[in-house]
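Worksheet: the structure to be examined is printed underneath.
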Amino acid sequence: MPESDAPALERRRDWRELALGYGIYLVLALFVLVMALLSPNFLRPGNLLNIAVQASTVAVIAVGATMVILLAEIDLSVGSVAALSGAVTAGVLKFAVGGAAGGVVGLLVAIAAGLAVGTVLGAINGVLTVRGGIPSFIVTLGMLSIARGLTLLYTGGRPIFALGPDFSVLAYGRLATVPVPIVILVTLYVLAALFLHTTQLGRYIYAAGTNRRAVALAGINVDRLKLGVFALAGALAGLGGVLLTSRLDSAQPTAAAGWELDVIAAVVLGGTSLYGGRGSVVKTLVGAIILQLISNGLNLLNVQAYWQQITKGGVILLALLLERSLRRARGGESL
Amino acid sequence: MVLERTRRWRFASRGRAWRWPLALVAALVLGGAVAQSGFTVGLSLSTLNNPFFVDVRDGAQQEAQLLGIKLVVTDAQNDLNKQISDIEDLIQQGVNVLLVNATDSAGVVPAVKQANAAGIPVFAIDRAIDTSSGANVVAQIASDNVFGGKLQARRLAQVLGGSGNVVELEGIPGASAAIDRKSGFESELKTVAPGITILADQPAGFDQAQGLDVMQNILQAQQGKIDAVVAANDSMAVGALQAIQQAGATRPNGQPIVVIGFDAIDQALAQIRAGTMDATVAQQPKLMGRLGVDAAYMLSLDSLIFSTLGNGQFMPVEVQLLTKDNLP
């Protein structure tokens, strides 16, 4: 049998390959195990549902971010774009379509307005990156500031609140027994995974992230692909903002500040390479859940404020170090 | 003489803000009838597009009228550049004292240095002015967050009757308002109600979304044990309230969980009015404006009165507890 003749080294490589492919699930399982042992309240269904719902806003935004990063670009503006989209949705809902009196149509108009704002800002990011030739790091850094400024301008620096019970269905409603945000989350991730892995456009995203020139030579318009992905990322940031606004029953002018870092942390923790071309959207979801698990666990264990920041940063760095060393030992490219 | 007065001043600065008028009277008596002809105070505000600062101005104007002082007010419209021009104009007009409510702690420093160079004393109002790069600020007049935390503790003790379990939601770790409110609350709670236990003490970034998430998590860990939540600002308090309502959580005795916040934002006042939130702590911008003018006046009577204070020493403005009974 050729397999048994294979040198020990080969088999060790196989093990590492497996760890690289499924390590994130192991980390997740390890976390769940440790937390279950440390806190009797952790495995309660209510708590697990909470974690999923809490992770959902960041996770929704991280779908778009994964695609942007697969193209070897970055989007730092998602937090601010989410805030503006949420504020516009709240503003339209409260002041334009007559709040609760606007009914379902009013609600849909308000949500559409929020998503449109996100899409437009995302498309602007794309145009400036692709046509303007400015690195997306700088473009979206500018957009981070502009969108936050617009949010403050639009809200006058004050929260828009009391948005009515219909709108909060988005965050607190249940479909059968499953919370609506989880339904949205799962649907979105299934669609994104199908898109990336089974459609031609999805494969182009991977290919363009690995070797942009080869893909361009093959006759694919990489610029248009990037523009589309940035617009999609903006739309998903908008959706995240709408969900957050529903959850808070208010649009806060400072909402989602700093979320770009949580989003990128989730994507990177999920093993997507910042150099593009390699990664998985499903693992991004696992990354987002792990991040939320850490917050949840620290709250359950009542860990002191300063230690929480240290723990979160430490976990991210440890996970990435582990991934890198595995990848290096295997002899492949590193992060 | 000078020694006696400085001691008196220290007394005033350490105590509550209601002692200010005492210090003022003392200064008046000791300083005698200083000729006030042409004494002018300049007040440079960051914005008048925010009710808080409109109140600061109104308080300052009332006090200036009372003391017979001329007050010149400028509005920077939250634009640092305009504020620097405003302050330059006030210096040119020859004001005797400047009260500066900075649009930006560090950004306003060049203008403050110009005032320093012109020999005009500067007080910081509400927002601190950065003194690390050579700007000279007589004192920073801002809300007394430590005392606000104490008011929260006293209210909690009163409502819970001296015993029970409270969850504490902290602000951004390291932020001065978060540290002051927390230390005031915890120290006072130990004194007035040692029977109340802080069951959990977690940061939620002064943010409603985080307040909601963190409270959801704590509710899982401490189910059925929580009597009250005390948050270092109203956004977190409102978030916690949402988590409580969503979970349908109550106190061990079946009554609603008591929620106390800080800042008196509209969202919280609406909840207090509806009876779902118990109390909040309000800053007093009018008092802040009045005290700014008082401080300028005292300085004019005796240039040494603040001399024992370090550069940019904090001078507290009293805050006020708001419940359903005394809502504005």
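Note on naming: letters A, B, ... go to the chains in the order of the sequence lines (proteins, then strands), and numbering restarts at 1 for each one. Everything numeric here is computed off the predicted structure, so don't read it as measured data.
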Partners passing side chain to side chain donor-acceptor pair (under 3.5 Å) against S105(B) (at least two apart in sequence or in another chain):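 By the side chain to side chain donor-acceptor pair (under 3.5 Å) rule, S105(B) matches no residue at all.
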
Heavy-atom check, side chain of Q292(A) versus side chain of D213(B), under 4.5 Å: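 The answer is yes; the side chains approach within 4.5 Å.
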
Side chain, backbone, both or neither of L300(A) within contact of chain B (heavy atoms, under 4.5 Å):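 Both backbone and side chain.
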
Intermediate values then yes/no, side chain to side chain contact (heavy atoms under 4.5 Å, CB included), Q242(B) and Y172(A): CA-CA 11 Å; Q242(B) 282 182 301; Y172(A) 293 110; 4.2 Å; yes

Mind ranking [options] by heavy-atom pairs under 4.5 Å with chain A and telling me who comes out on top?
options: A243(B), A209(B), A247(B), G211(B); answer: A209(B)
options: S235(B), A200(B), A270(B); answer: A200(B)
options: D207(B), D201(B), I218(B); answer: D201(B)

Side chain to side chain contact (heavy atoms under 4.5 Å, CB included) between Q308(A) and Q202(B), worked out: CA-CA 9 Å; Q308(A) 298 204 2; Q202(B) 290 287 289; 2.5 Å; yes

Kindly compute the distance separating [atom1] ([X]) from [atom2] ([Y]), expressed to the nearest 0.5 Å.
X: Q267(B); Y: D249(A); atom1: CD; atom2: CG; result: 8.0 Å
X: Q222(B); Y: N41(A); atom1: CD; atom2: CG; result: 7.5 Å
X: Q216(B); Y: N47(A); atom1: CD; atom2: CG; result: 9.5 Å
X: N50(A); Y: L219(B); atom1: CG; atom2: CG; result: 8.5 Å

Contact winner vs chain B - A255(A), S295(A), S250(A), heavy-atom pairs under 4.5 Å: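 If we count pairs closer than 4.5 Å to chain B, S250(A) comes out on top.
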
Sole candidate of D266(B), V238(B), I265(B) that passes side-chain contact (heavy atoms from CB on, under 4.5 Å) when paired with F161(A):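 Only one option passes, and that is D266(B).
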
Exercise: do Q223(B) and R44(A) side chains pair donor with acceptor under 3.5 Å: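 There is such a pair (donor and acceptor under 3.5 Å, judged by atom type) between the side chains of Q223(B) and R44(A).
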
Q208(B) (side chain) donor-acceptor with L248(A) (main chain) under 3.5 angstrom: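 Yes.
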
All salt bridge (charged side-chain N to carboxylate O under 4.0 Å, His left out) counterparts of E170(B), not counting sequence neighbours: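 If we apply the salt bridge (charged side-chain N to carboxylate O under 4.0 Å, His left out) test to E170(B), skipping adjacent residues, the hits are K182(B).
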
Worked verdict on Q54(A) versus N217(B) for side-chain hydrogen bond (donor to acceptor under 3.5 Å, both in side chains): CA-CA 10 Å; Q54(A) 289 168 3; N217(B) 296 341; 3.1 Å; yes

